[in-house]
Chemist: 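Just dropping this structure here.
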Amino acid sequence: MSSNDSLLSPYKVVDLSNNLGWWLCGKMFADMGAEVIKVEPVGGDPKRCLGPFYNDEPSPDNSLAWWFQNRGKKSVTLDIETTDGQQILFKLLEDADVLIQSFDPGYMESLGLGYETLKKQFPKLVYTSISPFGQTGPYAGFKGSDLVVDALGGFMFIAGDEDRAPIRFSVPQFYENGATESVSHSIAAIMVAQQTGQGQHVDVSAQLATIRFLMNASPYPILEKENLTRRGQMFGIGLSSYRAIYETSDGHLTVMFSPGVSGGKGLNNLRDWATEHVEFDDEVTKFDWTTLQMAEIAVDPEKGVVLAKFSEGLVPFFKLFSKFEIYEKGIKLGAMIAYVSTTEDIYKDEQLEARDYFTKVDYGDKGQILQAHNWAILSETPLVNTERAPNAGEHNREIYMDRLGITKTAYSQLLQSGVI
Amino acid sequence: MTNQVLEGVKVLDLSWVGVGPVATRYLSDYGATTVRVESVKRLDLLRMSRPFKNSEPGLNRSMFWADFNASKLGLGLDLNSPKGQEVAKELVKWADVVTESFTPGTLAKWGLDYESNKKINPEIIMLSTCMQGQTGPRSSFRGYGNMMAALSGFYEINGYPDRGPTPCYGAYTDFTSPRFCSAALLGALDYKRRTGKGQYIDVSQYECSTQLLGPQLLDYAINENVVGRNGNRCDYAAPHGVFPSKGDDCWVAIAVETDDEWKTMRQLMGQPDWAADAKFDTLLGRKANEDLLEQNISEWTAQYTAKEVMFKLQPHVASGVVHDQAGLYEDPQIAHREYFQWLDHSEMGTVPYNGSQAILSETPPHITKPSPCLGEDSRMVLREFIGMSDADIQSLIEEGVVEETLGQFSNAPVAS
């Protein structure tokens with residue numbers, strides 16, 4: 001492969017990330033053509049225990065979380081707590097442009113592998129640290145978790161039903177978001193290193209990556225002296241609210257009500273369609289949605305009453321049809337409707353198929369499996385259709401013996417003493 | 001500040017609402033000179049969306065808009081008018097990068113699509129981002145990020161097994177997507193540095209956001225399992241949830257992942273009698289008795305503030321205050337990172353922007369200027385970047401092709 005086939009083809013990454021979510025940073029580097037060597041502890045990354053699993057059979061080689069987030073990487077096993085192990089790591093770093101790590105802040109430093117130490121030996125190295133709260137500060141020593149990052153990131157507070165606790169997503173997201181955030185910053189640092197020969201520390205906080213999801217909520221206390229709260233199934237427009245989620249004959253959908261000059265026509269059309277099947281209050285039947293502005297509803301709950309009646313009136317209507325049917329009709333009517341997808345819906349989506357979003361990955365005797373992949377389409381440097389995620393230490397021989405020139409004898413000694 | 005990574009890089013930001021402007025801000029915060037184009041005739045929805053300074057609505061008083069457009073210059077330009085399109089083309093010649101987020105086909109109407117732009121600036125890097133991508137049967141799907149959050153699978157996995165899907169706040173995919181956009185943009189900039197070649201980047205918000213459900217999509221592909229909702233619980237950890245603490249609507253999150261952490265938590269709770277019951281000693285036992293476990297823990301947490309619980313349990317057990325928005329400003333870790341950046345806006349005065357989620361030790365990204373009023377920099381941009389005379393600019397303003405609004409604190413425009 002020529003060194004300019006892909007966005008990041010000249011670059012080499014040594015990936016020490018150690019948990020679900022953090023793995024995603026190195027995976028994106030691999031997608032963009034960098035060589036990524038995943039360094040796992042001897043015996044394999046302990047988080048290979050995380051599901052879901054191939055054929056629902058738990059085993060370190062069957063973790064679908066691992067399969068997805070480590071696709072395209074090579075794997076070596078290494079005990080970086082030993083001196084021999086560190087010597088090998090240094091050999092890998094000689095050639096590396098980026099090191100990614102996600103250990104508890106202080107751990108790498110305790111091994112003499114912190115940024116300040118390594119930069120002396122590897123001045124060009126970009127050292128990317130991803131962690132729940134950041135490398136320094138009063139919470140740097142806190143124990144992290146997807147749930148706790150969501151909570152301390154302020155996003156959890158504004159989701160959930162009013163009669164129950166605030167909620168997080170039922171699938172981990174917040175380490176993932178920290179990891180995806182780390183990519184552009186690491187590339188920025190590579191660009192500087194290429195110009196100046198100097199690397200730097202890239203310190204990313206998943207807590208801060210979470211705050212970004214608040215969208216417009218974070219300035220409310222300062223600008224409007226208010227805290228937004230969770231509204232369950234309802235969608236708030238200032239002092240008014242309407243139903244956001246509706247049951248259909250086969251699932252659920254969401255409607256975005258945006259009255260006014262552009263969105264109002266679609267709402268009129270939706271109302272007209274619905275009145276063929278259900279009855280609304282007179283007020284709703286006669287209302288012209290192009291005449292009402294969002295800004296009015298936000299400040300005057302009286303104006304929001306007809307909207308609330310309309311949205312509640314749609315509840316029995318949507319149950320009569322399937323979510324796809326309503327979605328397609330919504331497009332024709334100019335109404336803003338999206339169905340609530342399940343993973344099955346996404347996997348079978350004709351739009352994603354038309355765009356070759358899923359690509360086939362060869363898992364040997366486990367089959368050829370379609371995997372979500374092409375997250376961008378680039379005209380000169382398409383994303384690489386990478387190989388499957390590696391088994392633990394799958395590339396030990398290739399990298400240690402063939403590339404680093406470790407002799408067969410030394411390899412055997414290192415293996416048997418638990419260094420690799 | 002010196003040593004900005006993208007100093008000298010020129011960006012024409014034709015995008016609007018969420019994903020495009022947020023993605024572009026990554027370049028702007030790294031020092032790229034960015035011109036954000038808007039028009040009162042086709043107003044960015046966010047300009048009229050809350051929160052407003054002092055709750056007073058106004059074109060230049062929305063922090064929703066302002067937050068996504070820090071570090072940018074503001075040009076008011078009517079892209080629907082032929083003269084506006086000519087001005088835009090001059091800016092395409094000027095630019096290194098163009099970003100946009102219109103429904104596919106819109107820019108082609110105006111002669112500002114990639115193929116047209118390539119003719120006048122062959123190595124332009126252009127990023128288009130929209131809901132479902134530039135191609136395919138659904139490419140014309142119009143919508144907002146909260147709808148995309150539903151379509152991308154995030155509502156389905158939010159909520160309880162005994163209730164239907166629940167929305168998350170806002171537009172989740174509006175903030176997952178910019179991370180992929182900015183990775184592609186930075187990659188393309190480096191590729192251009194190495195080879196001299198620009199390119200076109202098509203990012204579908206549906207596609208990049210579903211990367212965050214990759215394992216679950218594999219679970220369907222292989223096992224035909226459809227992932228559902230589990231409240232705040234976790235298959236492999238207990239206790240794992242959100243518990244009431246002292247105060248109105250105050251909560252604390254706790255996640256215990258190992259039996260050792262459970263023993264420690266038990267100790268930190270003061271060894272209550274109920275916790276000594278051997279059925280709670282193991283994960284399997286705690287999972288089998290999870291309702292009772294959570295009820296008992298709730299009675300404990302309710303005696304303390306969320307902060308007190310967090311500090312009792314950390315750093316041995318993962319726990320955290322469920323911050324409301326005010327709490328974010330009191331959080332000492334967020335303050336330590338200087339995440340909220342307070343800048344003087346020319347209409348709103350001093351307001352807090354979302355800053356950077358990353359610190360780089362030598363060349364950190366940071367906001368370079370407050371966000372602009374609509375067209376606040378029109379005269380300067382047209383004069384300095386494409387060499388228009390003041391007289392020509394003035395006549396375009398009078399024709400309504402170029403727009404300019406200023407804030408109450410703006411400096412008066414200076415003729416050259």
Side-chain angles (χ1 to χ4, degrees), chain A residues 4 7 32 52 64-65 68 133 137-139 141-143 145 147-148 151-152 154 157-159 165 170-171 176 180-181 183-185 187-188 200-201 203-204 208-209 212-213 215-216 219-221 223-224 227 244 254 338 340-344 347 351 354-355 357 372 375-380, chain B residues 5 51 55 63-64 136 138 147 150-151 153 155-157 165 167-170 175 179-180 182-184 186-187 191 195 199-203 207-208 211-212 214-220 226 229-230 242 253 255 314-315 318 320 322-326 328 332-333 336 339 357-359 361-362:
Chain A
N4 277 318
L7 288 175
M32 292 189 280
L64 300 180
F68 184 79
F133 305 104
Y139 296 2
F142 271 15
K143 208 171 212 86
S145 119
L147 182 80
V148 165
L152 283 166
F157 183 77
I158 33 185
S170 300
V171 167
E176 280 74 2
T180 57
E181 176 70 16
V183 180
S184 64
H185 299 295
I187 301 173
Q200 53 190 314
H201 197 180
D203 170 0
V204 184
L208 301 183
R212 184 64 276 181
F213 292 104
M215 188 168 77
N216 64 334
Y220 263 82
L223 271 73
E224 301 232 14
N227 273 297
T254 188
V340 171
S341 289
T342 62
T343 45
E344 177 176 4
Y347 187 72
Q351 172 68 2
R355 285 176 53 91
Y357 174 54
W375 49 265
I377 297 181
L378 299 116
S379 61
E380 290 292 314
Chain B
V5 180
S55 309
M63 198 62 212
F64 199 162
R138 302 272 184 229
M147 294 160 66
L151 213 59
Y155 281 14
E156 180 68 16
I157 57 162
C168 46
Y169 177 77
F175 306 98
R179 295 169 172 141
F180 293 86
S182 62
L186 268 290
Y191 178 74
T195 65
Q199 63 186 308
Y200 182 58
I201 309 170
D202 163 5
V203 176
E207 288 163 7
C208 57
Q211 287 286 293
L212 297 168
Q216 288 69 37
L217 289 168
L218 273 175
D219 196 16
Y220 183 77
V226 178
R229 296 177 282 286
N230 201 8
V242 175
Q314 287 284 11
V322 178
H323 275 323
D324 62 9
Q325 296 101 69
L328 298 173
Q333 182 64 17
H336 170 81
Y339 180 67
Q357 301 152 48
I359 299 175
S361 54
E362 302 295 322

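The figures that follow rest on heavy atoms only: side chains count, while hydrogens, waters and symmetry mates do not. Convention: sequence-line order gives letters A, B, ...; per-chain numbering from 1.
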Chemist: Non-hydrogen atoms of chain B under 4.5 Å away: do they reach the side chain of A/Thr254, the backbone, both or neither?
Modeler: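 For A/Thr254, the side chain is the part near chain B, not the backbone.
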Chemist: Answer yes or no: is there a side-chain heavy-atom contact under 4.5 Å between A/Phe68 and B/Gln216?
Modeler: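 Not touching, per the 4.5 Å side-chain cut-off.
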Chemist: Verify, without hydrogens or angle tests, whether A/Asp203 (side chain) and B/Ile359 (backbone) share a donor-acceptor contact under 3.5 angstrom.
Modeler: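 No, A/Asp203 side chain to B/Ile359 backbone: no donor-acceptor pair under 3.5 Å.
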Chemist: Please give me the minimum heavy-atom distance between B/Ala358 and A/Val204, naming the atom from each residue.
Modeler: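 Closest approach of B/Ala358 to A/Val204: CB-CG2, 3.9 Å.
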Chemist: If you count heavy-atom pairs under 4.5 Å between each of B/Ala253, B/Ala318, B/Cys168, B/Gly136 and chain A, which one has the most?
Modeler: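 Result: the option with the highest number of such pairs is B/Ala318.
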Chemist: So for B/His323, is it side chain, backbone, both, or neither that comes closer than 4.5 Å to the heavy atoms of chain A?
Modeler: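 Both parts, backbone and side chain.
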Chemist: Of the non-hydrogen atoms in A/Ala376 and B/Ile201, which two are nearest, and what is the gap between them?
Modeler: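 Closest pair (atom of A/Ala376, atom of B/Ile201, distance): CB-CG2, 4.4 Å.
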Chemist: What I'd like to find out is whether the side chain of B/Met63 reaches to under 4.5 Å of the side chain of A/Tyr220, using heavy atoms alone.
Modeler: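 B/Met63 vs A/Tyr220: side chains apart.
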Chemist: Any sub-3.5 Å donor-acceptor pair from A/Ser170's side-chain atoms to B/Ile157's backbone N or O?
Modeler: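 At least one qualifying donor-acceptor pair exists.
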Chemist: When heavy-atom pairs shorter than 4.5 Å are enumerated against chain B, which of A/Ala159, A/Ala65, A/Gly137 gives the highest number?
Modeler: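 Between A/Ala159, A/Ala65, A/Gly137, the count favours A/Gly137.
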Chemist: Working to the nearest 0.5 angstrom, can you tell me the gap between B/Leu186 CG and A/Ile187 CD1?
Modeler: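 It comes to 5.5 Å.
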Chemist: To check you understand the geometry: which heavy-atom pair defines the closest contact between B/Ala183 and A/Val183, and what is its length?
Modeler: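 Nearest heavy atoms, B/Ala183 then A/Val183: CB-CG1, 3.7 Å.
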Chemist: Are A/Lys143 and B/Pro315 packed together at the side-chain level, in the sense that at least one heavy-atom pair is separated by less than 4.5 angstrom?
Modeler: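 No, their side chains stay 4.5 Å or more apart.
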Chemist: Checking A/Met32 against chain B: side chain, backbone, both or neither under 4.5 Å from a heavy atom?
Modeler: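 Side chain of A/Met32 only, per the 4.5 Å heavy-atom cut-off to chain B.
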Chemist: Measure B/Ser182 against the heavy atoms of chain A and call it side chain, backbone, both or neither at under 4.5 Å.
Modeler: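 Answer is both: backbone and side chain atoms of B/Ser182 are under 4.5 Å from chain A.
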Chemist: Are the side chain of A/Gln200 and the backbone N or O of B/Glu362 linked by a donor-acceptor pair below 3.5 Å?
Modeler: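 Side chain of A/Gln200 to backbone of B/Glu362, a donor-acceptor pair under 3.5 Å: yes, one is there.
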Chemist: Check each atom of A/Ala188 against the heavy atoms of chain B and say whether the ones under 4.5 Å are side chain, backbone, both or neither.
Modeler: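 Both parts, backbone and side chain.
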Chemist: What part of B/Tyr169 lies closer than 4.5 angstrom to a heavy atom of chain A: side chain, backbone, both or neither?
Modeler: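 Both backbone and side chain.
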Chemist: Looking at chain A, which one of B/Pro332, B/Ser361, B/Gly320 has the largest number of heavy-atom pairs inside 4.5 Å, strictly under?
Modeler: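 Most heavy-atom pairs under 4.5 Å with chain A: B/Ser361.
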Chemist: Between chain B and each of A/Leu64, A/Val148, A/Leu378, A/Asn227, count heavy-atom pairs under 4.5 Å; write down the option with the most.
Modeler: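 Max contact count across the listed options: A/Asn227.
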Chemist: Between the side chain of A/Glu380 and the main-chain N/O of B/Gln199, is any donor-acceptor distance below 3.5 Å?
Modeler: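 No: the side chain of A/Glu380 does not pair with the backbone of B/Gln199.
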Chemist: Using only atom types and a distance under 3.5 Å, with no angle test, would you say the side chain of B/Gln333 pairs donor to acceptor with the backbone of A/Phe133?
Modeler: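 At least one qualifying donor-acceptor pair exists.
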Chemist: Kindly say whether B/Gly153 contributes a backbone atom to a donor-acceptor pair with the side chain of A/Ser341 at under 3.5 angstrom?
Modeler: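 Such a contact is absent between A/Ser341 side chain and B/Gly153 backbone.
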Chemist: Which atoms of B/Leu218 are under 4.5 Å from chain A, going by heavy atoms: the side chain, the backbone, both sets, or neither?
Modeler: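 Both backbone and side chain.
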Chemist: Could you walk me through whether A/Tyr347 and B/Asp219 pass side chain to side chain donor-acceptor pair (under 3.5 Å), step by step?
Modeler: CA-CA 10 Å; A/Tyr347 187 72; B/Asp219 196 16; over 6 Å; no
Chemist: Find the one option among B/Gly214, B/Ala184, B/Cys208, B/Gly170 whose heavy-atom pairs under 4.5 Å with chain A are most numerous.
Modeler: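 Heavy-atom pairs under 4.5 Å are most numerous for B/Gly214.
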Chemist: Give me the atom names and distance for the closest heavy-atom approach of B/Glu207 to A/Tyr357.
Modeler: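 B/Glu207 and A/Tyr357 have their closest heavy atoms at O-OH, 2.7 Å.
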Chemist: Once rounded to the nearest 0.5 Å, what's the spacing between atom OH of B/Tyr339 and atom CZ of A/Arg212?
Modeler: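 With rounding to 0.5 Å, OH (B/Tyr339) is 5.5 Å from CZ (A/Arg212).
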Chemist: How close do B/Ala326 and A/Pro221 get, heavy atom to heavy atom, and via which atoms?
Modeler: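 Where B/Ala326 meets A/Pro221 most closely, the heavy atoms are N-CG, 3.6 Å.
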Chemist: Looking only at heavy atoms and a cut-off of under 4.5 Å, which of B/Leu151, B/Val242, B/Val203 has the most pairs with chain A?
Modeler: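 Top option by heavy-atom pairs under 4.5 Å: B/Leu151.
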Chemist: Could you go through B/Glu156 and A/Thr343, starting from their C-alpha distance and side-chain angles, then the distance that decides it, and tell me whether this counts as side chain to side chain contact (heavy atoms under 4.5 Å, CB included)?
Modeler: CA-CA 9 Å; B/Glu156 180 68 16; A/Thr343 45; over 6 Å; no
Chemist: For the interface with chain B, which of A/Val340, A/Ile158, A/Val171, A/Leu147 has the highest count of heavy-atom pairs at distances below 4.5 Å?
Modeler: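 Between A/Val340, A/Ile158, A/Val171, A/Leu147, the count favours A/Leu147.
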Chemist: Using a cut-off of under 4.5 Å for heavy-atom pairs, which of B/Leu328, B/Val322, B/Val226 has the most such pairs with chain A?
Modeler: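 Winner by heavy-atom pair count: B/Val322.
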Chemist: Just how far is it from atom OH of A/Tyr139 to atom CD of B/Gln314, taken to the nearest 0.5 Å?
Modeler: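 That separation rounds to 9.0 Å.
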Chemist: At a 4.5 Å cut-off on heavy atoms, which part of A/Ala354 comes close to chain B: side chain, backbone, both, or neither?
Modeler: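 The side chain, not the backbone.
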Chemist: Quick one: of A/Ala338, A/Ala165, A/Gly141, A/Ala372, who has the most non-hydrogen atom pairs under 4.5 Å with chain B?
Modeler: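 Heavy-atom pairs under 4.5 Å are most numerous for A/Ala165.
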Chemist: Restricting to non-hydrogen atoms, name the atom on B/Ser55 and the atom on A/Glu224 that form the minimum distance, rounded to 0.1 Å.
Modeler: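 In terms of heavy atoms, the two residues are closest at OG-OE1, 3.1 Å.
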